[in-house]
Amino acid sequence: MIKIKKSEFSEFIKNLQKNYSVFAPVTDGKATAFKKIKSADDINNKILNTKRSPKEIFFPQSEVLFQYTERGMEVPKREEKPFAIWGMRNCDTKSLLMLDNVFGEAHQMPKKDMYKDPYWKEKYDNCLVFNLACNEPLSTCFCNWFGGGPFDKTGSDIFVVETDDSYIFEAVSDKGKKFLKEFKTAEEISDKEIKKIEKLKETAESYLAEKQDVSSLFSKTKEIWDEPIWDEIAAKCVNCGACAFVCPTCHCFDVSDEGKGNKGKRIRLWDSCMFAIFTKEASGHNPRSQSTQRVRQRVMHKYNYFMDNYDEHLCTGCGRCVVVCPVNLDIREVIKKILDYKK
Amino acid sequence: MKNTYIPFQMKVKKIYTESPDRTLKTFDLSYINEEDKFDFLPGQFCEFSILGKGESPFGIASSPTEEDILKFTVNRTGSVTNEIHYLQEGDIVGIRGPLGNWYPVEKFKGQDVVIIGGGFAFTTLRSLLVYMLENRKDYGKITVIYGARNPDLFIYKDEIKEWEKRDDLTLHLTIDNPVKGWNKLTGFVPTVTKEVSFDPTSWCVVCGPPIMIKYTLPVLTEIGFPDEKIYTSLERRMKCGIGKCGRCNIGSKYICIDGPVFSYEEIKKIPEAL
């Protein structure tokens, strides 16, 4: 472990920018999001959970798949520098690992290469993630339900703890180790500081609400698939899709063309299973025309279907959906209701 | 890294108007570049692109034995299919594929096969039928039940005439309601399936509109076909075709990669499949 003084932070970011395009949490009007920064001045390290999740760095809300003219099709040129993300939190870092399962390859298929998503892979494979520990988790945080925690290091390349006057760096992945090895100006940390980190961790964990045991969530969701509980859960949902848009793990998209004559582009855009049109076919047939079916789909995908394929829940407990839901449909309450449901 | 989102170009070689109301047309596409040619098996699908309008998934209607073309039959119903219907011979279109899995033709070898189809969904069934007829000695008895709302709405009418002449194929054609001059079967596909007698040791492939599939599968169970020998093809509004966009997700499966072909045994385990 090494540390840099807060007074050296600007210099650190400046150096990082030599080899990387640096993204970090910024305040953008009333909203907060991960954006490409010009300098350390843009960064707001006080933001715990950005309103929009950092999935958009790798999987933007809209992305041009290719442009076409009468001469043919062309994929837009990508940035040459790899991405470094400063200040990601554990819930988001973990979400990227989950999304990499989806966009990386279809594990069950032969000819794996054809199932890779090149747009995701090009950005994600070379990125460097600085995961910032959460010293003061929010009341909406429930990462501890899904195996995460304010000081959990899963998925980070470099794990960072903020103290009064410094940032303490710990290399987690090989990529992170390589990066820190080349770091010459930083100081080693003392035993006293290690103790300080322990203390910060304890305090942070005490901020979190009580952990819910979700070990039976997978089997329970399967059991109740046909039960009327879904009508109850979906009753107040207005199918606005806000939960899916802020969710760091939701990844459904639409593909749409914009063009006239021989010139145009094909674009992919975030979409959501909350919308009736998501599954509506040209014939008018809609296999998921009811709101209840759509709410069930989202909950089932997160807490059952994804588990079936990848052995984990498609939720990191970031709490963004709890914050944005216009009708206060709290996913934690939904989970509790499912777990408590008696047939 | 291979980019499966980029279509390759094919030329519209021949267009057939299948129905007098012009809602059904078949398009034979020819490859422009030799290296785009791909191997596939009956049951697989492609994304058919009209740049500027979008793309839609269609089952491949040609057989792998028809090497120089890809055939698609398109019902004119939405914005992309409208544009496809405006195509003229010689026009260039975009294709991505082959996508998805296929009917288990290997398992069918040496066995009797029953094909049950409805309406313009006969596309991948044509692929299967032509493939089996081209390799006729590899398969046992072949029985086909094909239903349409009325006689005009059968696709591949010229080929049906040829198939009717063959003595190595039993073909049952049915329409929903009686029409003057129609001397073949009348009645919905599930009902006709119940009436036609066949050996339940055969393999069975069903493809048609969702409502037909839903009511035909239980009839097959009633006749005595085991679930693992009944196959059907599902459809959803697939966009990416490679298991990413989530539109065709049912249960833990994605129709575009785990399907579109599923056995009845698998379907019973997938919520919302039918």
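Owing to the predicted nature of the structure, the values given are computational and were not obtained by experimental measurement. Side chains are part of it too, since the values below use all heavy atoms of this structure and drop only hydrogens, waters and symmetry mates. Order of the sequence lines fixes the chain letters, A, B, ..., with proteins taken first and strands second; residue numbering starts at 1 for each chain.
Among the candidates A/Glu258, A/His301, A/Lys260, A/Arg288, the residue making the largest number of heavy-atom pairs closer than 4.5 Å to chain B is A/Arg288. In terms of heavy-atom pairs under 4.5 angstrom with chain A, the leader among B/Gly243, B/Pro210, B/Gly78 is B/Pro210. Among A/Trp120, A/Tyr305, A/Phe103, the residue making the largest number of heavy-atom pairs under 4.5 Å with chain B is A/Tyr305. When each of A/Lys280, A/Gln293, A/Lys222, A/Lys263 is scored by its heavy-atom pairs under 4.5 Å with chain B, the top score falls to A/Lys280. For chain B, the option among A/Asp226, A/Asn304, A/Asp117, A/Asp308 with the highest count of heavy-atom pairs below 4.5 Å is A/Asp117.
Taking every heavy atom of both residues into account, A/Gln297 and B/Asn249 meet most closely at NE2-OD1, 2.6 Å. Between B/Ile6 and A/Leu65, the shortest heavy-atom contact is CD1-O, 4.3 Å. B/Glu272 approaches A/Trp225 most closely through the heavy-atom pair CG-CZ2, 3.4 Å. Listed here is the closest heavy atom pair of A/Cys252 and B/Gly246: SG-CA, 3.7 Å.
Between the B/Ser252 side chain and the A/Asn309 main chain, no donor and acceptor come within less than 3.5 Å of each other. Side-chain atoms of B/Arg247 come within 3.5 Å of backbone atoms of A/Phe253 as a donor-acceptor pair (strictly under, hydrogens ignored). Proximity of a side-chain donor or acceptor of B/Asn3 to a complementary backbone N or O of A/Pro118 within less than 3.5 Å is not detected.
Both the backbone and the side chain of A/Asp254 come within contact range of chain B, judged by heavy atoms closer than 4.5 Å. Within the 4.5 angstrom heavy-atom criterion, only side-chain atoms of A/Tyr119, from C-beta onward, approach chain B. Neither the backbone nor the side chain of A/Leu269 comes within less than 4.5 Å of any heavy atom of chain B. Heavy-atom distances place both the backbone and the side chain of B/Glu55 under 4.5 Å from chain A. In this structure, the portion of B/Ile50 lying under 4.5 Å from any heavy atom of chain A is its backbone and not its side chain. With a 4.5 angstrom heavy-atom cutoff, A/Tyr68 touches chain B only via side-chain atoms. For A/Met300, no part sits under 4.5 Å from any heavy atom of chain B, backbone or side chain.
Here the CE atom belonging to A/Met73 is positioned 7.5 Å from the OG atom belonging to B/Ser49, to the nearest 0.5 angstrom. Note that CE of A/Met114 and CZ of B/Arg96 are 8.5 Å apart. Values are rounded to the nearest 0.5 Å. We find the SG-CG distance between B/Cys245 and A/Asp271 to be 8.5 Å, quoted to the nearest 0.5 Å. In this structure, CD1 on A/Ile277 lies 5.5 Å from CZ on B/Arg237, to the nearest 0.5 angstrom. Rounding to the nearest 0.5 Å gives a distance of 12.0 Å between NZ of A/Lys116 and CD1 of B/Ile242.
A 4.5 Å side-chain heavy-atom check between B/Lys244 and A/Tyr115 finds at least one atom pair inside the cut-off. Residues A/Arg268 and B/Lys239 form no side-chain contact, since every pair of their non-hydrogen atoms from C-beta on lies 4.5 Å or further apart. Put simply, the side chain of A/Phe66 reaches to within 4.5 Å of the side chain of B/Leu51, judged on heavy atoms. Side chains of B/Pro271 and A/Arg296 form no contact here, defined as non-hydrogen atoms less than 4.5 Å apart.
In this structure, B/Phe8 places its CZ atom where more than 12 heavy-atom neighbours from other residues, nucleotides or ligands lie under 6.0 Å away. With a 6.0 Å radius and a threshold of 12 heavy atoms from other residues, nucleotides or ligands, B/Glu67 has its CD atom at or below the threshold. Taking a 6.0 Å sphere around NZ of A/Lys121, one finds it holds more than 12 heavy atoms contributed by other residues, nucleotides or ligands. In the displayed structure, A/Arg78 atom CZ is contacted under 6.0 Å by more than 12 heavy atoms of other residues, nucleotides or ligands. In the displayed structure, B/Lys11 atom NZ is contacted under 6.0 Å by at most 12 heavy atoms of other residues, nucleotides or ligands. In B/Phe120, the CZ atom is not crowded: 12 or fewer heavy atoms of neighbouring residues, nucleotides or ligands sit closer than 6.0 Å.
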Would you please test A/Arg266 and B/Tyr5 for side chain to side chain donor-acceptor pair (under 3.5 Å) and show each step? CA-CA 10 Å; A/Arg266 179 159 292 169; B/Tyr5 293 101; over 6 Å; no
side-chain contact (heavy atoms from CB on, under 4.5 Å), that's the test. Do A/Glu70 and B/Ile92 meet it? Break it down for me. CA-CA 11 Å; A/Glu70 62 274 0; B/Ile92 306 294; over 6 Å; no
